Amino acid sequence: MNERANQPAMISERYNPGAAEPKWQSVWDENGTFVTENHDPRPKYYVLEMFPYPSGRIHMGHVRNYTMGDVVARYKRAKGFNVLHPMGWDAFGMPAENAAMQNKVHPKEWTYENIANMRAQLKAMGLSLDWSREFATCDVDYYHRQQQLFLDFFEKGIVYRKESKVNWDPVDQTVLANEQVIDGRGWRSGAVVEQRDLTQWFFKISDESEDLLEKLDTLKEWPEKVRLMQRNWIGRSEGLRIHFEFSGPKPANHESIEVFTTRPDTLFGASFMALSPEHPIAATIAKDDPALQDFVEECRRLGTSVAALETAEKKGYATGYSVRHPFVENQELPVYVANFILMDYGTGAIFGCPAHDQRDLDFARAYGLPVRPVVVPEGTEPESFEVGDVAFTEDGLLANSEFLDGLTIEEAKEEVASRLETRTVSEKPAATRQVNFRLRDWGISRQRYWGCPIPIVHCDTCGVVPVKSEDLPVKLPDDVVIDRPGNPLDRHDEWRNVACPKCGKPARRETDTMDTFVDSSWYFARFTDPKADDPTNPEVANAWLPVDQYIGGIEHAILHLLYSRFFARAMSKTGHLAVDEPFKGLFTQGMVTHETYRTDTGDWKSPAELRFEDVDGTRRAFDRETGEEVSIGGIEKMSKSKRNTVDPTDILETFGADTARWFMLSDTPPERDLEWTSKGAEGAFRFVQRVYRLFYEFQNLNPEVKEMSNFGSDALEIRKAAHAALANVESDIEKLGFNRAVARIYELVNILGRIELTADMKEDVLAAYSEALTILANIMAPMTPHLCEECWSLLGSKSLLAEAPWPTCDHQLLIEDLITLPVQVNGKKRGSVTVAVDADQQSVEDAVLAEDFVQKALDGKPPRKLIVVPKRIVNVVV
RNA sequence: GCCCCCUUGGUGAAAUUGGUAAACACAGCGGACUUAAAAUCCGUAGCCUUCGGGCUUGCCGGUUCAAGUCCGGCAGGGGGCACCA
């Protein structure tokens, strides 16, 4: 134990966070208080916050996120768990390259400098992190193991290459994610985005669709909202694949068109077939049809950009071919190629049933195709039912459908499926039941420098050859020039040209790097043994995982969390883990918001530039320099563009970490958006001072506290209040109800603050007060650890509060002898009655009926009903 | 367009999951201490009232002895997906 740990940082009337916070941080650090051992007999608890991107400075969102995680970590540690609470850096990505281009600084240098800055900021928050496990995803040691994972996935067929359409920015010479294409243009360059076919690496996440969907039900400690979003994203639908045979001429090598439908019940309403422009049959037909070639080319040009999709009309090209209706003799359906059919969902072909699908209806109206309703609302005559411009997609009964007439939709689906299953079309079953998913494979290739290199070599003789494990890591070259768009790895011949690992002939490295989402898909596993030679030490990783409580922003509800769930499965299949679900508990915190300010000319102003005045009861804002009035706008997420940010560093310097932490936890439930206000921060600071004063004044009294066994009623009240707060704070933290825990602490502090400390205090009151302060320091410590450590030492403790066990609640104290029940008359509260807590039904009834206000209400008559809810309420019905 | 969530005082919210609506805090108001300020402390506070009481959880209706909580409808706000057959 460090010598200084015995002593408070100061003994003064006012708490000085500037002195206390660094002191206690270094004491914890020197004592290794938060270093976690992998082998420990205590039960494990893994709490993790989403690791930050090292942008250079922490923001209020980080403060909120990491404060919540720290409360849980400190609380669980006090409760006797071996807590793993690590921190690292999601350090690859575009901003480093952009900074490199703008400021002529190497991405590596820029990133590590940012990390150093942000680490110092996080340390100033007093987080109970095990910094010995820290790593950045751009550390060679980390991406080395990621390359090993890639090779293992490759061997198991979990990763593969395929040609796919990408959004290509011709100016920046890179692939853009769909989110980076705005109105058909690149978000940075503004260039019109092209559709290109590129060969890209993919993870086979779609193989796990069913499991990823099913296991969502087991994630009971996840927000329902996130599970729903994932469910929709995976997008399961059940349906039927049906072969439609060509009637008359057939395109070369094709006997039939296979479609996927979720509405086989509407088969009799079919009036056309439509193929995706990318469908192989369309390509076959186009060979002999220049007009179709033109049409396909036009669709390709319009592409899949959001803007194109929103405005595109339904367009089609009649191929002249047609197929047979499976049930209606002599009915032929014309085959179109249509721009609204997606190749990568289902089979890339549909049968169109205009009456019951809006898209099909729009198409049919444009091309004069028949619209025949085959489902009508119950109780409607089929003859009188017509479809106008809106397709009928609601429930109803089958009509105009021969053997299906009168059936429900579900019955009809089943009937069609069972009839077609047993039939054959060119020796294959005419239909098969199938489950389809919206989820597509995860394309991970990025044409960028600052990412994890894909450990593959392309050889003219051997093709795609994985780098040998023993030759890993494939290190990023440091000597790159990032002065123009495109991937500098492509231009780095020395790095690029290597011998083929198989045949030794000259070959070329894969120059694509991995999507940064890959990096963040397994970091939680690496934290369990960050120095291991393999990606994980399975024994250790399996002991720690799953993460018991994961905390982060809702913006990661789908991609990051889904990818991580996929990775856990893929890593389990390759022997690195034995868990499928990486995160047992998930909590998504709300954003930090702030008022916005704008000048008449529309410029945003930051709160630091303004001074505020109350003019006739309204708050108004003025520019500090020019005095110009600025209008106060809406409360929005803190963002650089709206300039409504507050720098955590300023707050830490002015008020200290504990004030910032306390504010973050107070008032607003953690899942909701929290508005940062300077008044609120000042209020939190005042409270920190108030708590300190309780301890300061107590130690100033220099009391001699004796062990007591008998307490008078005053002392008992204090003890009750303290133990009630203890019990409540405990259950609130367990439920992550930090705002409620804060309110309970206010209550206790209010009660203690009303007690006057005097030299001649009764011994039992003194003992109770001392006990209450001890409890207060303990239950508040997870939230304001420096303050509480300081107060703890003021009480004369020789040990560290951060290492102290959670106090035990004396539940006997919380049991009352008497209870006051509200009494309602006809459901409205009219009074109350005080009875023994264990009073039986009859004696409560007697007590209630003896009350004047009840007698008055009854007016001499017996009650019609007398409801007694034990320990809750009484209701007299007259 | 489809799916989901939310709506409680001036403000952030609480309410043991159907049982006293507004705990706790912020802002306010009144007061004490002080030459003054800062700091601190005490008090006060949903609305209406003929002072008996009446009304009150976005609006309308329902179930119930009892509804912020459950059910149906409507309005407003937010989010996710988006030509997914």
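Because the structure is a prediction, the values reported are computed rather than measured. Letters go in sequence order (proteins before strands), and every chain restarts at 1.
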* Which part of the nucleic acid, if any, lies within reach of A:Lys865 when heavy atoms closer than 4.0 Å are counted: base, sugar-phosphate only, or nothing? -> sugar-phosphate
* If you look at every strand shown and take non-hydrogen atoms under 4.0 Å, does A:Ile341 touch a base, only sugar-phosphate, or nothing? -> base
* Mind checking A:Gln824 for me? I need base, sugar-phosphate or nothing, with any heavy atom below 4.0 Å counting as a touch. => base
* **A:Arg672 CZ - B:A14 C1' separation (whole Å)** => 10 Å
* To do: Rounded to whole angstrom, note down the P distance from B:G19 over to B:A67.
  => 11 Å
* **Complementary nucleotide of B:A15, counting Watson-Crick and G-U pairs under 3.5 Å** => none
* Identify whether the distance between the nearest side-chain nitrogen and carboxylate oxygen of A:Arg231 and A:Asp217 falls below 4.0 Å. => yes
* Asked: For the side chain of A:Arg693 and the base of B:U40, is some donor closer than 3.5 Å to an acceptor across the two?
  -> no
* Given B:A13, B:G19, B:C83, the nucleotide with the shortest approach to the side chain of A:Asn739 -> B:A13
* Round to the nearest Å and state the distance from A:Tyr336 atom OH to B:A85 atom C1'. => 18 Å
* Asked: When you measure from the side chain of A:His356 to the backbone N and O of A:Thr266, does any donor-acceptor pair fall under 3.5 Å?
  -> no
* Does a side-chain heavy-atom distance below 4.5 Å link A:Glu595 with A:Glu675? -> yes
* Structure fact -> Classified by glycosidic angle (syn within 90° of 0, else anti), B:U17 comes out syn
* Side chains of A:Arg693 and A:Asn700: is there a donor and an acceptor less than 3.5 Å apart? -> no
* **Distance between C1' atoms of B:C81 and B:C29 (Å, rounded)** => 50 Å
* So which nucleotide does B:C74 pair with, by the Watson-Crick or G-U wobble rule with both distances under 3.5 Å? -> B:G58
* To do: Starting at atom CG of A:Asn750, determine the distance to atom C1' of B:C41, rounded to an integer number of angstrom.
  => 12 Å
* In whole Å, what is the span from the CD atom of A:Glu671 to the P atom of B:G78? -> 19 Å
* Compute the ring centroids of A:Phe244 and A:His325, then answer whether they are less than 6.0 Å apart. => no
* P gap between B:G28 and B:U11, integer Å -> 15 Å
